[in-house]
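For clarity, every value in this text was computed on a predicted model and none was experimentally measured.
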Amino acid sequence: MRRAHFKTSWIVAALLAPQLLVIFVFFYWPSAQALYWAFTLEQPWGGGNTWVGFENFRNVLSDPYYWSSVRVSVIFALATTALAMGMALTLALFVDRQLAGYRAFRVALIWPYAVAAPAVGLAFQFVFNPGAGIFSYINTISPGLWDPSRYPAQAVLAIIIAGAWKQVAYSFVFFLAALQSIPRSLTEAAAMDGARPLRRMLDLQLPLLTPTIFFLIVINITDSFTDSFGIVDTLTGGGPFRATDLMVYKIYSDGFRGFDYSGAAAQSIILMLLVIALTFVQFRYVERRVHYS
Amino acid sequence: MIERTPILNILTHLILISGLVIILIPIWLAFVAATQTLQAVNSAPVEFWPGDQLWVNLREAWALSDFGPKFINTLIVATGVVVGKITLACITAFAIVFFNFRGRMVIFWMIFITLMLPLEVRIVPTYAVAANALSPFQTILDATGLSGLIATLSGVEVRLEWNLLNSYTGLILPLVATATGTFLYRQFFLTIPDDLVEAARMDGAGPLRFLWDVLIPLSRTNIAALATIMFVYAWNQYLWPLLIITDRANYGMVVVQLSDLVPDQLTTGGGTPTWHLAMAATLVVMLPPIAVVILMQRWFVRGLINTDK
């Protein structure tokens, strides 16, 4: 709380109005609209929407395609998070040893953050292509062994690898910053006590990284739910046989290709609740971190 | 600190180099593909060394995707989003921190909560709003009976209409609200000592003068950090422009062009997939944000960590 303030005047309203207008029109109104659509159904011959209660949710939740979409989204979220964070953590721990050339490594590991999701998807579609990509070697063993456009499991594997590749840089930046904020005196004291570098990684650095790890798990999972659209759209298009139809992709295809606004809205509400729940977890953590520091 | 750990040092280098190889391989393969001819890129043993067709392919991909105007569009939109986000973040945080009025925290939380509503999640209704950005107000007027009242009083029927589809405004406006930017600016403004505010007031500076002459010059680092992150964010937008721009000849953005290059039955008609062009275009599209991140590395890392995204 500050002591010194300017006198409140019309200026305050003028300063706040732009942002408030934008979030009203593009955030709160659409979210309310999604709620409205989720609980109503448009009449086939016009005449406005009628209230249907939880009917749309019942339809969505009894749709086996929806559940397979939830299942693959959860698998995707957990696998990309584990892969990306595992790799980012390992690399950050070793870059932090600051041997010769570590600056070059740092730059080389940060830039993938800037690559657009659809570009990642397209590049990986080439890499995984059964005819032209590097995975075509598998097909020289036995033709037709590798083809993500035909085998669901391989398609899921493909989006997981592409998704993880895209996430590594973000986690790496955070891990490295957290490692560099560990006081040198702590590391030196441990060294004096005879702890070798690997021992220090396990017993000193890793425990001190716990808050960062927790924060990154939440962020990575949230991102994989919302940010995966571009990768899926250019890498698999949701196929084959809807095997990579992630929740956000299904909302898009049901809403804009199937014109099922009520169904898409009900799915949006479910995904929104999921994101809100994850964000709350994160808020609790942010509060804790402020408290401890 | 001096420690002799020769074996561990070798191991460290090995781990880092293999990490680097994993990160670089997909992009390297894409680059190699972009340097080959159509036949070479589709022949069975994968090439690991670049050919000599890079320039030819880049030019062909550039012409095919009509990248010239798309680059200008994307630059306009990215600049608009960056300037819009920084301006909104700055003035909103200024109002919240340097004025004492009721409902300050309510407004702050109202902005902060939008973090939980990413565009992808509310995409269908947001698209509906973009078709007529004034529809919320129209609905409110209709629902409260105000539009009926105006119609009977003045004889003018209220029809608010502002279509954002196929326009720069439509690409920029929905993206300029920023919870993270406002938060970052608020954190920074809270570190400004009260004495500075009092000194400025003593010298007769009004709030706007204080903002312009004192705070904005002080927040240059903030601006650089935010601008880097927001530029990458705006440049890489895909779903939103894909939906609201149907007139791609005039308003298309570069990243969306990639959706046309996915070599499948639709684009090749059963012919040989044109991977060399798809990869050349991919390289062109990803280059500008990568360059920005590498050039602005220091600010980028700082911004990323301070905003917690």
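Residue A:F24 touches chain B through its side chain alone, counting heavy-atom pairs closer than 4.5 Å. The part of A:I11 that comes within reach of chain B is its side chain, from C-beta onward, which places non-hydrogen atoms under 4.5 angstrom from that chain. In this structure, the portion of A:N129 lying under 4.5 Å from any heavy atom of chain B is its side chain and not its backbone. Looking at A:Y28, only its side chain comes within 4.5 Å of chain B, counting heavy atoms on both sides. At a 4.5 Å heavy-atom cutoff, the contact between A:F126 and chain B is made by backbone and side-chain atoms alike. Looking at A:M272, the atoms closer than 4.5 Å to chain B (heavy atoms on both sides) sit in the backbone and in the side chain alike. Using a 4.5 Å cut-off between heavy atoms, A:W29 contacts chain B through its side chain alone, with no backbone atom that close. For A:A264, the part sitting under 4.5 Å from any heavy atom of chain B is the side chain, from C-beta outward, and nothing else. Only the side chain of A:P112 comes within less than 4.5 Å of a heavy atom in chain B; its backbone stays farther off. For A:F27, the parts lying near chain B are the backbone and the side chain together; criterion is any non-hydrogen pair under 4.5 Å. Both the backbone and the side chain of A:V173 come within contact range of chain B, judged by heavy atoms closer than 4.5 Å. Contacts of A:V95 with chain B are made by both backbone and side-chain atoms, with heavy-atom separations under 4.5 Å. Neither the backbone nor the side chain of A:I269 comes within contact range of chain B; no heavy atoms are under 4.5 Å apart. There is no contact between A:L235 and chain B, counting heavy-atom distances below 4.5 Å.
Proximity of A:F225 to B:V121: side-chain heavy atoms (C-beta onward) are nowhere separated by under 4.5 Å. Looking at heavy atoms from C-beta onward, A:S228 lies in side-chain contact with A:V248 at the 4.5 angstrom threshold.
The most heavy-atom pairs under 4.5 Å with chain B, out of A:G255, A:A32, A:A123, A:P197, come from A:P197. When the candidates B:L20, B:V256, B:L11, B:V292 are compared by the number of heavy-atom contacts under 4.5 Å with chain A, B:L20 comes out ahead. Of the listed residues (A:V120, A:D233, A:L274), the greatest number of heavy-atom pairs within a distance under 4.5 Å of chain B belongs to A:D233.
The shortest non-hydrogen separation linking A:G263 to A:D260 is N-OD1, 2.9 Å.
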